[in-house]
Amino acid sequence: MSDAFVTPPSVDPRLLEVLVCPVTRGRLTYDREAQELISPGAKKAYPIRDGVPILLPEEARDLS
């Protein structure tokens with residue numbers, strides 16, 4: 001039996017209902033392929049690491 005943590009294949013839709021962008025307080029959309037939460041208003045992509053959304057502006061990738 002393995003003790004390795006298995007990353008969920010998707011983010012729970014209920015979680016997306018309560019999470020907001022820390023910069024704009026706007027809605028986030030989930031990019032399954034890139035494993036990121038996208039904030040169109042802030043033009044940032046927040047990473048999801050080991051199934052945990054990292055909602056720190058300094059960790060986000062800028063979108064052009």
Side-chain angles (χ1 to χ4, degrees):
M1 189 153 117
S2 172
D3 290 333
F5 178 79
V6 178
T7 302
S10 65
V11 173
D12 186 339
R14 293 175 292 177
L15 183 60
L16 288 176
E17 291 176 13
V18 296
L19 290 179
V20 295
C21 173
V23 175
T24 65
R25 302 288 184 217
R27 289 190 87 150
L28 297 166
T29 57
Y30 176 51
D31 182 341
R32 178 179 294 194
E33 198 169 299
Q35 286 295 297
E36 295 176 323
L37 293 173
I38 307 297
S39 171
K43 296 186 174 152
K44 293 195 174 284
Y46 297 95
I48 299 172
R49 296 186 188 131
D50 297 323
V52 178
I54 310 298
L55 296 176
L56 299 171
E58 59 270 14
E59 293 288 323
R61 178 173 65 84
D62 289 327
L63 301 174
S64 17

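Positions are given from 1 along the sequence.
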Hey, are the side chains of Pro53 and Leu19 touching, using non-hydrogen atoms and a 4.5 Å cut-off?
yes
Under 4.5 Å between any side-chain heavy atoms of Gln35 and Tyr30, yes or no?
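Heavy-atom side-chain distance check passes, below 4.5 Å.
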Taking it one step at a time, do Ser39 and Thr24 satisfy side chain to side chain contact (heavy atoms under 4.5 Å, CB included)?
CA-CA 8 Å; Ser39 171; Thr24 65; 3.9 Å; yes
Nearest-0.5 Å distance, [atom1] of residue [X] to [atom2] of residue [Y]:
X	Y	atom1	atom2	result
Leu37	Leu15	CG	CG	7.5 Å
Ile48	Arg32	CD1	CZ	10.5 Å
Lys44	Asp62	NZ	CG	4.0 Å
Ser64	Arg61	OG	CZ	8.0 Å

Looking at every non-hydrogen atom in both residues, tell me the closest pair between Ala60 and Pro47 and how far apart they are.
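Shortest heavy-atom separation between Ala60 and Pro47 comes out as CA-CD, 4.4 Å.
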Can you confirm whether Glu33 is buried at CD, in the sense that more than 12 heavy atoms of other residues, nucleotides or ligands lie under 6.0 Å from that atom?
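Incorrect, the count does not exceed 12.
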Please identify which of these residues, Ile54, Leu56, Ile38, Leu28, meets the side-chain contact (heavy atoms from CB on, under 4.5 Å) condition with Tyr46.
Leu28
Would a single hydrophobic cluster contain both Val18 and Val20, if residues Ile, Leu, Val, Met, Phe, Trp and Tyr are joined by side-chain heavy-atom contacts under 4.5 Å?
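In one cluster with Val20: Val18, no.
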